[in-house]
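So the structure is just underneath, and the comments pick up after that.
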Amino acid sequence: MTAYPTLQMLINGEWTGTGGAGTMAVVNPATGGVIGHCPKAGPADLDAALKAADDAFPGWSRTAGADRHTILRRAADLLRERALEIAAVVTAEMGKPRAQAIGEITGSADVIDFLAEEAKRRGGRLIPTRGTGLIAQMVTHEPIGPAVLLTPWNFPINLPAKKIAGALAAGCTAILKPAENTPASAQLLVQCFVDAGVPRGVLNLVHGDPGPIAEHLIASPVTRKVSFTGSTAVGKHLGALAASHMKRFTPELGGHAPVIVSKHADLARAVAMCAATKFRNAGQVCVSPTRFLVAREIYDSFVADFAAAASKLKVGDPGADEAVDMGPLAHARRISAMEQVVADTGGNRGEVVTGGSVIASSGFFFQPTVIANPAPDSRFMTEEPFGPIAGIVPFENIEDAVGIANSLRYGLAAYAFSGDLDEAHWLGRSLRAGMVGINQLIVSSPETPFGGIGDSGFGSEGGEEGYLAFTDTKLVMLAKAGG
Ligand code: NAD
């Protein structure tokens, strides 16, 4: 593998390997071995990053959109050029199979490209005036100010890339705090922006304990915007904090995506797509298809075929074998979460059809698991598993399925398969979620908004919304000077 980088923070354009709060070990989840030590930011480091972002804001926000576009496009190109090297680090840090890591990185470059182009083309609008005294009513989108970007480990390139590119394209400066277990992935991404010519202080990178760092950065008067991707519990906590300081906040939180498979669906296609997508990234995807609601007529076949596909997946260390389908979970906490879900099965609470156990090794491996007919109040049906566990529930009529799908407080992604055009349209309208996929399981692209409702958060990042998320809307009403 490419050598694991020496871990550093970037503050005001200077890389530093020491932080005021000591260091933390980074562990390869496939082996359990320590692969590096990361500096942890203390209050003085955070204050220096805040000052840098504040000082750089006037210059960057006044830089022409076309020039911001040029720099960001160059960063995207560097990310593509370095994709293989960065993929090896992503795999080592969080266990994503190599092909999936490369796909994430090249897809992130496309996201940066799109948001960079927004810097060039995004204008405001002119609203017709009432009366003759007014000359113009102009609406513009102004960069909001220094932004704090808090990102998790499951997409250690894509999520920071989307937030950094949205912020910088809009003219904001930023401080990125990536997940504790994927610091090098973030560092290599940030290096692309630095090498592309992002000026000193515009983008800063700090590592360390998420709670104290988030609290310090959010409370600072310098910070104008907070963007967080992670769990609902942490999102609620940070949202309350942001509200108490009157800061704009975009939370992209957990999900427990339902998939309705109608009797009119193409069964073979639905099973193949569902089984392949469910276990991607070991199920650690906020839009992962998870609660499969299947028409009674095809339920037995769906369960048998889905379980057969799951049991054939090759699980192993993706750093040692590029052919594995599924790597480890990110850390030991995810293993105990899976065990708790499985423990709440048996009897009339659901049947484990395949998997259900830890795979003995020094890493954090769990079998691809399928639970048939989990009880409505079971842990599986009510809590986001965020791991390689699928549950399959039969339904008698499609209205019941929509009722089950919409029964949780989450509302990130929802999916349905149906070959009946009217039914497909009706399902698209009836499912309560920020993103709905019909006859396919992809709900994100560089051009489209990404975000949830309910306990899955609010607001969108991605698409033009990903640019607007870092702007304030401003109205200028211009009247005649006299006469
Ligand atoms: P976790 O809550 O310990 O950590 C998840 C992420 O949140 C980490 O990146 C961490 O840095 C950050 N975090 C934790 N506490 C924080 C705080 N007080 N302030 C700021 N950031 C904080 O959970 P985990 O076991 O690592 O991950 C599983 C859970 O996280 C799941 O419930 C899942 O919903 C959620 N998650 C969601 C996404 C997503 O894409 N929406 C991604 C990763 C994790």
Side-chain angles (χ1 to χ4, degrees), residues 24 26-27 29 38 40-41 46 93-96 104 148-163 175-183 185-186 206-219 223 226-242 249-257 280-288 290 328-341 364 366 379 382-389 408-413 433-435 443-444 450-462:
M24 59 188 178
V26 182
V27 170
C38 185
K40 289 166 57 172
L46 300 175
E93 286 192 327
M94 53 72 66
K96 187 172 295 204
E104 176 184 344
V148 168
L149 315 175
L150 306 166
T151 55
W153 42 263
N154 58 338
F155 287 91
I157 300 294
N158 177 275
L159 292 167
K162 187 160 44 171
K163 293 181 198 296
I175 301 173
L176 171 67
K177 156 65 182 84
E180 306 80 87
N181 44 342
T182 54
S185 301
V206 296
H207 300 300
D209 295 331
I213 289 180
E215 284 176 27
H216 191 105
L217 293 176
I218 293 172
T223 300
V226 182
S227 169
F228 170 74
T229 299
S231 66
T232 298
V234 174
K236 286 181 176 175
H237 168 65
L238 297 183
L241 205 58
F249 181 57
T250 302
E252 197 266 281
L253 309 176
H256 198 344
R280 188 169 66 97
N281 212 20
Q284 301 165 121
V285 181
C286 53
V287 294
S288 185
T290 297
L329 302 192
H331 45 57
R333 294 196 302 281
R334 302 285 356 116
I335 293 284
S336 53
M338 297 308 103
E339 288 178 323
Q340 285 169 22
V341 171
F364 311 123
F366 200 86
R379 203 152 193 156
T382 52
E383 291 175 21
E384 175 188 33
F386 214 67
I389 302 186
L408 300 186
R409 293 181 61 85
Y410 294 113
L412 191 57
M435 297 165 287
V443 286
S444 71
F450 188 99
I453 59 175
D455 270 8
S456 296
F458 49 79
S460 295
E461 290 179 345

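Both ligands and their constituent atoms are indexed starting at 1 by order of listing.
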Neighbour list for ligand 1 [protein residues, heavy atom under 4.0 Å]: Thr151, Pro152, Trp153, Asn154, Ala179, Glu180, Pro210, Gly211, Ala214, Phe228, Thr229, Gly230, Ser231, Val234, Leu238, Glu252, Leu253, Gly254, Cys286, His331, Arg333, Arg334, Glu384, Phe386
Partners meeting ring pair (Phe, Tyr, Trp, His ring centres under 6.0 Å) with His207 (sequence neighbours left out): none
Assess whether side chain to side chain contact (heavy atoms under 4.5 Å, CB included) is satisfied between Asn281 and Phe155, documenting all intermediate values. CA-CA 9 Å; Asn281 212 20; Phe155 287 91; 3.8 Å; yes
Establish, from distance only, whether the side-chain atoms of Lys163 and Thr229 form a donor-acceptor pair under 3.5 Å. yes
NZ or CZ of Lys177 within 45° of Phe228 ring axis and under 6.0 Å: no
Between the side chains of Arg379 and Gln340, does any donor sit under 3.5 Å from an acceptor? yes
Measuring from Ile389:CD1 to Thr290:OG1, what's the distance to the nearest 0.5 Å? 9.5 Å
